[in-house]
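The structure appears below as structure tokens.
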Amino acid sequence: PGDEAAGTRQQCGYDAVYERQLRTPAYLSATHCAECGDPFTPANPKTGGQTVALRRGGKGSKVVPHCRRCNYGWTRTDL
């Protein structure tokens, strides 16, 4: 299935609360991944991960800074 099968960003849990949390001073000033501790780099930038992943029912959980490897790596290893 394509992206349209997953629904809109809001239907997937990326709502106004999520967007607001991405603008908090703690998130904006973060320089290292909350998961692995690696610094953010152009090749592995900061992304908005959640304390409980959306795919595991984490709708409304706190947004934390994750590197792209930690936030998107599950698509390769957790299917």
Side-chain angles (χ1 to χ4, degrees):
D3 290 338
E4 64 280 351
T8 66
R9 286 179 52 80
Q10 290 76 21
Q11 290 169 332
C12 292
Y14 300 102
D15 54 11
V17 173
Y18 174 84
E19 296 295 330
R20 242 188 335 272
Q21 289 183 23
L22 290 178
R23 294 189 299 273
T24 62
Y27 178 83
L28 292 173
S29 66
T31 58
H32 290 74
C33 178
E35 184 76 21
C36 69
D38 285 350
F40 300 119
T41 65
N44 192 26
K46 178 173 25 177
T47 62
Q50 295 186 305
T51 53
V52 178
L54 290 173
R55 67 187 178 283
R56 294 207 172 106
K59 184 168 173 53
S61 68
K62 183 179 176 191
V63 174
V64 292
H66 282 164
C67 67
R68 181 168 40 200
R69 256 190 326 264
C70 289
N71 201 15
Y72 299 159
W74 68 272
T75 58
R76 292 188 307 275
T77 61
D78 192 28
L79 291 178

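Taken together through direct or relayed side-chain contacts under 4.5 Å among Ile, Leu, Val, Met, Phe, Trp and Tyr, L28 and V64 form parts of separate hydrophobic clusters.
Contact record, C33 with C67: SG-N, 3.3 Å, taken as the closest heavy-atom pair. Residues A43 and R68 share a closest heavy-atom pair of O-NH2, 3.0 Å. Residues P65 and F40 come closest through the heavy atom pair CB-CZ, 3.8 Å.
Legend: salt bridge (charged side-chain N to carboxylate O under 4.0 Å, His left out) pairs involving residues 18-30, not counting sequence neighbours, sorted by first then second residue: R9-E19. Listed by first then second residue, pairs satisfying side chain to side chain donor-acceptor pair (under 3.5 Å) with a partner in residues 25-47 read D38-R69, T47-N71, not counting sequence neighbours.
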